[in-house]
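Values reported hereafter were calculated over all heavy atoms of this structure, with side chains retained and with hydrogens, waters and symmetry mates removed. Chain A is the first sequence line, chain B the second, and so forth, proteins listed ahead of strands; every chain is numbered from 1.
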2 protein chains.
Amino acid sequence: MNNPSPLDITLTDRKDGVTITEWVYEVLRNAVMSGQILPGRSLTIRELAAVLNVSSMPIREALKKLGTERALEVRENRRIMVPKMTAMKFNELCDTRIALESHAAVRALPYMTDTLLEELQTLDLAIDHARAMKNAEATIQSNQAFHRRLYSANPHQVSLPLIESLWLQLGPFLRLANSQLEEHYIVDRHQEALLAIKNKDTLALQLAIAADIREGIAFAGTPELLHQFIEASSNS
Amino acid sequence: MNNPSPLDITLTDRKDGVTITEWVYEVLRNAVMSGQILPGRSLTIRELAAVLNVSSMPIREALKKLGTERALEVRENRRIMVPKMTAMKFNELCDTRIALESHAAVRALPYMTDTLLEELQTLDLAIDHARAMKNAEATIQSNQAFHRRLYSANPHQVSLPLIESLWLQLGPFLRLANSQLEEHYIVDRHQEALLAIKNKDTLALQLAIAADIREGIAFAGTPELLHQFIEASSNS
DNA sequence: CAACCTCTTTTGTGATCACAAAAGAAATTT
DNA sequence: AAATTTCTTTTGTGATCACAAAAGAGGTTG
């Protein structure tokens with residue numbers, strides 16, 4: 001591997017009780033999600049082990065998990081990388097998100113309580129705050145926290161790991177989109193979702209989630225931006 | 001770990017070019033899918049390494065992948081096992097399958113060709129044959145092959161790994177259900193799906209897939225059978 | 001008999017190593 | 001200068017090992 005661009009990955013402190021493998025997974029997951037690793041940039045186990053100052057074992061296990069989640073791909077020539085995005089794949093990811101997340105929201109609806117509603121309101125305020133601060137990363141993370149909390153209201157929910165995988169695959173791209181585009185006016189679909197939940201209105205909830213996802217992604221999915229993103233990843 | 005029930009896992013030949021880790025993954029994945037490992041039965045890395053006659057490394061990587069796919073779970077006390085099934089989880093898995101697979105079918109529809117239609121016809125005949133032979137495992141596998149081929153008609157399909165994870169989670173239960181229940185009359189929803197495809201009828205395709213899944217699972221999801229299955233797994 | 005304690009064994013985890021294959025660099029040929 | 005060959009380095013893979021923590025077994029006490 002010849003002169004790869006340097007890896008600038010945010011390292012966090014490892015808490016007690018957290019294994020090295022779990023920590024490595026979280027660090028790398030965050031690096032992928034926040035676009036710190038450019039798509040197409042080859043990764044090696046030894047390089048990551050050096051950057052994170054651990055042996056190859058935790059790296060290998062974390063990579064296996066991230067590979068299974070489709071955050072990383074291993075090519076037939078054994079190159080490990082964050083996959084490049086294509087317009088068609090982007091569309092599929094978005095539409096699959098809409099299908100899966102509106103389903104997950106509906107499956108969570110019977111379990112909603114007033115306490116949970118308030119919790120979601122608080123999470124929605126955090127999104128507004130991050131957006132006002134023009135903090136792209138916090139916006140994405142708090143938006144995901146809102147959705148995660150909503151869907152996990154159903155204790156038997158099986159959709160969440162699937163949804164997390166889709167988020168992971170979209171993460172790098174959305175991170176770039178959020179950090180480079182001007183603020184634009186959006187309808188607050190979360191408030192619509194919360195109203196639908198309060199009214200126990202299944203159809204309105206589905207429509208609000210679908211619109212939220214569609215609109216959250218629409219400005220990020222323009223051909224111009226997509227082209228710019230792919231160009232950026234081609235320079236690695 | 002005290003006197004676990006013996007592991008009776010089908011071993012296959014490893015082909016050239018297939019790494020030990022990939023082979024181990026396939027063997028264990030099949031063992032889970034076909035119910036060879038009872039839910040709740042604790043597994044250890046060393047035991048599996050002995051049964052499969054490999055070192056712990058490929059076992060660990062395969063387990064990490066199967067864990068990510070939710071085929072196995074690692075408890076906080078580090079027990080590795082096939083998760084036990086509950087009625088609520090079963091319902092969630094089924095309904096999520098319906099949401100995701102009908103979506104995947106519709107996303108594949110624009111890519112269907114006459115050649116693919118013929119291929120699907122052939123795969124449907126294989127299901128009929130397996131069913132006539134009362135071969136439960138072949139029935140499940142050929143049914144999955146049909147669905148897999150249908151959805152993968154879309155080269156940009158992102159749903160397939162998600163769907164495979166749901167199949168894996170349902171696998172042990174469906175395997176038991178298929179092997180223990182009497183043959184019963186079912187409407188051939190695959191033929192309805194193929195007709196919808198030929199007519200490029202999106203709604204009919206959705207309805208056929210949803211009905212296929214619902215009916216394929218309905219007889220397996222009776223409270224009596226679920227109880228029997230959970231009892232069987234409690235004896236391990 | 002149940003609860004608790006102590007000792008022993010097992011286990012997952014992380015580190016390290018060796019090796020074959022792949023990738024990269026250098027040299028040679030066209 | 002481009003293509004090909006050869007040599008060197010890097011890399012993923014699988015095996016092995018050590019260790020702390022967890023689990024299991026056995027003994028003691030109430």
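- The distance between atom CD of A:Glu47 and atom P of D:dG12, rounded to the nearest whole Å, is 10 Å.
- If you take CZ of B:Arg14 and P of D:dT13, they are 13 Å apart, rounded to a whole angstrom.
- Rounded to an integer number of Å, the gap from A:Trp23 CH2 to C:dT13 C1' is 16 Å.
- Separating the CD atom of A:Glu22 from the C1' atom of C:dT13 is a distance of 11 Å, rounded to the nearest angstrom.
- Taking the side chain of A:Ile45 as heavy atoms from C-beta on, and the options D:dG14, C:dG12, D:dG12, the nearest nucleotide is D:dG12.
- When the C1' atom of D:dA21 is taken as reference, atom CG of A:Asp16 falls 15 Å away, rounded to whole Å.
- A donor-acceptor pair under 3.5 Å is formed between the side chain of B:Gln157 and the backbone N or O of B:Ala104.
- When the C1' atom of D:dT10 is taken as reference, atom CD1 of A:Ile80 falls 13 Å away, rounded to whole Å.
- A donor-acceptor pair under 3.5 Å is formed between the side chain of A:Asn154 and the backbone N or O of A:Arg107.
- Separating the CD atom in B:Glu119 from the CG atom in B:Leu150 is a distance of 11.0 Å, to the nearest 0.5 Å.
- Across the protein-nucleic acid pair, A:Leu43 atom CG and D:dT11 atom P stand 11 Å apart, rounded to whole Å.
- Proximity of A:His156 to B:Phe90: side-chain heavy atoms (C-beta onward) are nowhere separated by under 4.5 Å.
- Between the side chain of A:Gln144 and the main chain of A:Trp167, no donor-acceptor pair closer than 3.5 Å is present.
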Just the atom pairs and distances: protein N or O near nucleotides 15-17 of chain C's N or O, under 3.5 Å.
from, atom 1, to, atom 2, distance (Å)
C:dA15, OP2, A:Ser55, N, 2.8
C:dA15, OP2, A:Ser55, OG, 2.6

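- Phosphate contact (OP1/OP2 of C:dG14, side-chain N/O of A:Thr21, threshold under 4.0 Å): present.
- In this structure the side chain of A:Asn53 never reaches within 4.5 angstrom of the side chain of A:Leu11, judged on heavy atoms.
- A straight line from CD1 of A:Ile59 to P of D:dT11 spans 14 Å, rounded to a whole angstrom.
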